[in-house]
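Numbering starts at 1 and runs along the sequence shown. These values consider heavy atoms only, across backbone and side chains, with no hydrogens, waters or symmetry-generated copies. Each ligand, and each atom within it, is numbered from 1 in the order the structure gives.
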Amino acid sequence: MLNFQYCNPVNVVFGKGQIAKLAELVPADARVMMTYGGGSIKRNGVYEQVMAALAGRKVIEFGGIEPNPKYETCMKAVDICKSEGVDFLLSVGGGSTLDGTKFIAAAAKYTATEDPWDICLKGTPVTDEIPIGCVITLPATGSEMNGWSVVSRLSTDEKLSFWSQLSFPKFSILDPEVTMSLPERQVANGIVDTFVHVCEQYVTRPVNTPIQDRQAEGVLLTLIEEGPKALSDPKNYDVRANLMWAATVGLNGWLAKGVVEDWGTHAIGHEITAFTGTDHGKTLALVMPALWKYLRREKEAKLLQYADRVWGIRGDDKDAVIDAAIEKTVEFFKSVGCDASRSAYGVTDEVIEKIVLVFERRGTKITECAIGAHEICEILKLCAK
Ligand code: NZQ
Ligand code: ZN
């Protein structure tokens, strides 16, 4: 097992009716800005629940944070935070609203004269932030219990992430009932996103981590069992609760500690979204099977373990076992509504060229195998046509 340090300070408040707890969780004297997305919270009763819990307080509303939150939108909120003296941010929505809010929180306290985009672009450390609380309405990103944020910049076609210990929400309310209004497309995205988060921390290189491996396999098996039920039986509370907790556990750092991590599928997927606007989950369903095919020798031991323990596939022919496990994974993604293909998402040869150029320019190496632009190009060509 590798060395690690783990400090996760999020106060998780899980279950039915828990939005009412905002009354005690949000500091009484805070100048609150409530951030939200395109309006789903005004159609599914979440907005009313939040406002009832915060009755009598001054709350500034900032709506319109879009999926794959934009730097340009966030900077408008930063101006309001500064002029109104906002000292608490309450994010009510999916991962995009929360990620945008994390950027707003850091950018509003950014004292350097440079553009706060440097936090994402150059990894400039975040030294101060407005505290954040969260009501998460879409189980997928795990953002509700981690310090990550992913923000896109329209003017440069960039989609970049940053991490800060200060970006962990002070609290996160997870009420599975609010996820019942999700469209099927977003349910599917959330299941695939969670599945791939777990795989990026598990299908790498073995370093003797039986606890983390079995936790990862537990989340994957739960997704396989419960995922399709969320689509066939959308009002089933227990299914929604299990998926919501799976998403949080999938990326709260727990599975990553002491193991070798990959994150190559995410790095490539973010660029596909930047150039084509494809949903985050869909890009992952497209890339991961191809990445596994390309790195099958390097990942062999873990791919065989995954085949055995998650899908019950064994045999002497290692390549046949790995191929069958990849096929099962693709079928699972299809079964929840992610029938991923390059043509469906507009990942043309020209788009591949642009993505490869980005990696060439950045010069960064990705995955646990430290691959570069050439290998990324091969992986993109291996993606389902
Ligand atoms: O904007 P509104 O109107 O709220 O509608 C949203 C949006 O259109 C809707 N939605 C959310 N909750 C709903 C709902 N509709 C009905 N009922 C509800 N309860 O769903 C749509 C998608 O929302 P979004 O927040 O974009 O989805 P998600 O939570 O999947 O977040 C995706 C973003 O997170 C980033 C992705 O790259 C992408 O930008 N990620 C963040 C990570 C992190 N912070 O740790 C890790 C992930 O790997 C990922 O990269
Ligand atoms: Zn993801």
Looking only at protein heavy atoms, which one is nearest to [atom], and how far off is it?
{"atom": "atom 29 (O) of ligand 1", "value": "Gly95 N, 2.7 Å"}
{"atom": "atom 49 (C) of ligand 1", "value": "His280 NE2, 3.3 Å"}
{"atom": "atom 35 (C) of ligand 1", "value": "Asp99 OD2, 3.6 Å"}
{"atom": "atom 39 (O) of ligand 1", "value": "Asn68 OD1, 3.1 Å"}
{"atom": "atom 50 (O) of ligand 1", "value": "His270 NE2, 3.0 Å"}
{"atom": "atom 23 (O) of ligand 1", "value": "Leu138 CD1, 3.5 Å"}
{"atom": "atom 13 (C) of ligand 1", "value": "Leu182 CD2, 3.3 Å"}
{"atom": "atom 16 (C) of ligand 1", "value": "Ser181 O, 3.4 Å"}

Compute the shortest N/O to N/O distance between [X] and ligand 1 and return yes if it is under 3.5 Å, no if not.
{"X": "Ile41", "value": "no"}
{"X": "Thr97", "value": "no"}
{"X": "Leu251", "value": "no"}
{"X": "His197", "value": "yes"}
{"X": "Val178", "value": "yes"}

Under a 3.5 Å cutoff, is there a donor and acceptor pairing between the side chains of Thr35 and Thr101?
yes

Do Glu129 and Ser167 get their side chains close enough for a donor-acceptor pair, meaning under 3.5 Å?
yes

Tell me whether [X] is salt-bridged to [Y], with the criterion being a basic N under 4.0 Å from an acidic carboxylate O.
{"X": "Lys16", "Y": "Asp175", "answer": "no"}
{"X": "Glu177", "Y": "Arg240", "answer": "no"}
{"X": "Arg296", "Y": "Asp323", "answer": "yes"}
{"X": "Lys21", "Y": "Glu24", "answer": "no"}
{"X": "Lys334", "Y": "Glu331", "answer": "no"}
{"X": "Lys302", "Y": "Asp262", "answer": "no"}
{"X": "Arg31", "Y": "Asp87", "answer": "no"}

Interfacing atoms of ligand 1 (cut-off 4.0 Å, heavy-atom, [X]):
{"X": "Asn44", "answer": "17 (N), 18 (C), 19 (N)"}
{"X": "Trp148", "answer": "43 (C), 44 (N), 45 (O)"}
{"X": "His266", "answer": "48 (O)"}
{"X": "Gly37", "answer": "1 (O)"}
{"X": "Asn146", "answer": "45 (O)"}

Count, excluding waters, the protein N, O or S atoms that are closer to the Zn ion (ligand 2) than 2.8 Å.
4

Quick one: does any side-chain atom of [X] pair with a main-chain N or O of [Y] as donor and acceptor, under 3.5 Å?
{"X": "Lys102", "Y": "Trp148", "answer": "yes"}
{"X": "Glu217", "Y": "Tyr306", "answer": "no"}
{"X": "Asn146", "Y": "Gly253", "answer": "no"}

Tell me whether the NZ or CZ atom of Lys257 lies within the 45° cone about the ring axis of Tyr6 and under 6.0 Å from its centre.
no

Regarding Lys76 and the six-membered ring of Phe62, is the cationic atom NZ or CZ under 6.0 Å from the ring centre and inside 45° of its axis?
no

Is the distance between the ring centroids of Trp117 and Phe162 less than 6.0 Å?
no

Hey, could you give me the CD/CG distance between Gln215 and Leu220, rounded to the nearest 0.5 Å?
12.0 Å

Would you compute the distance between atom CD of Glu368 and atom OG1 of Thr204 and round it to the nearest 0.5 angstrom?
5.0 Å

Does Gly190 come within less than 4.0 Å of ligand 1, judged by its heavy atoms?
no

Quick test of your reading of the structure: of [options], whose heavy atom lies closest to [atom]?
{"atom": "atom 11 (C) of ligand 1", "options": "Thr137, Thr283, Val151", "value": "Thr137"}
{"atom": "atom 25 (O) of ligand 1", "options": "Ser96, Gly93, Ser40, Pro67", "value": "Ser96"}
{"atom": "atom 37 (O) of ligand 1", "options": "Met180, Lys102, Lys159", "value": "Lys159"}
{"atom": "atom 42 (C) of ligand 1", "options": "Thr141, Leu98, Val46", "value": "Thr141"}
{"atom": "atom 1 (O) of ligand 1", "options": "Gly142, Gly38, Ser149, Ala140", "value": "Gly38"}

Counting only heavy atoms closer than 4.0 Å, does ligand 1 sit against the backbone of Pro183, its side chain, both, or neither?
side chain

Per side chain to side chain contact (heavy atoms under 4.5 Å, CB included), Val196 is matched among Met288, Gln201, His280 by Met288

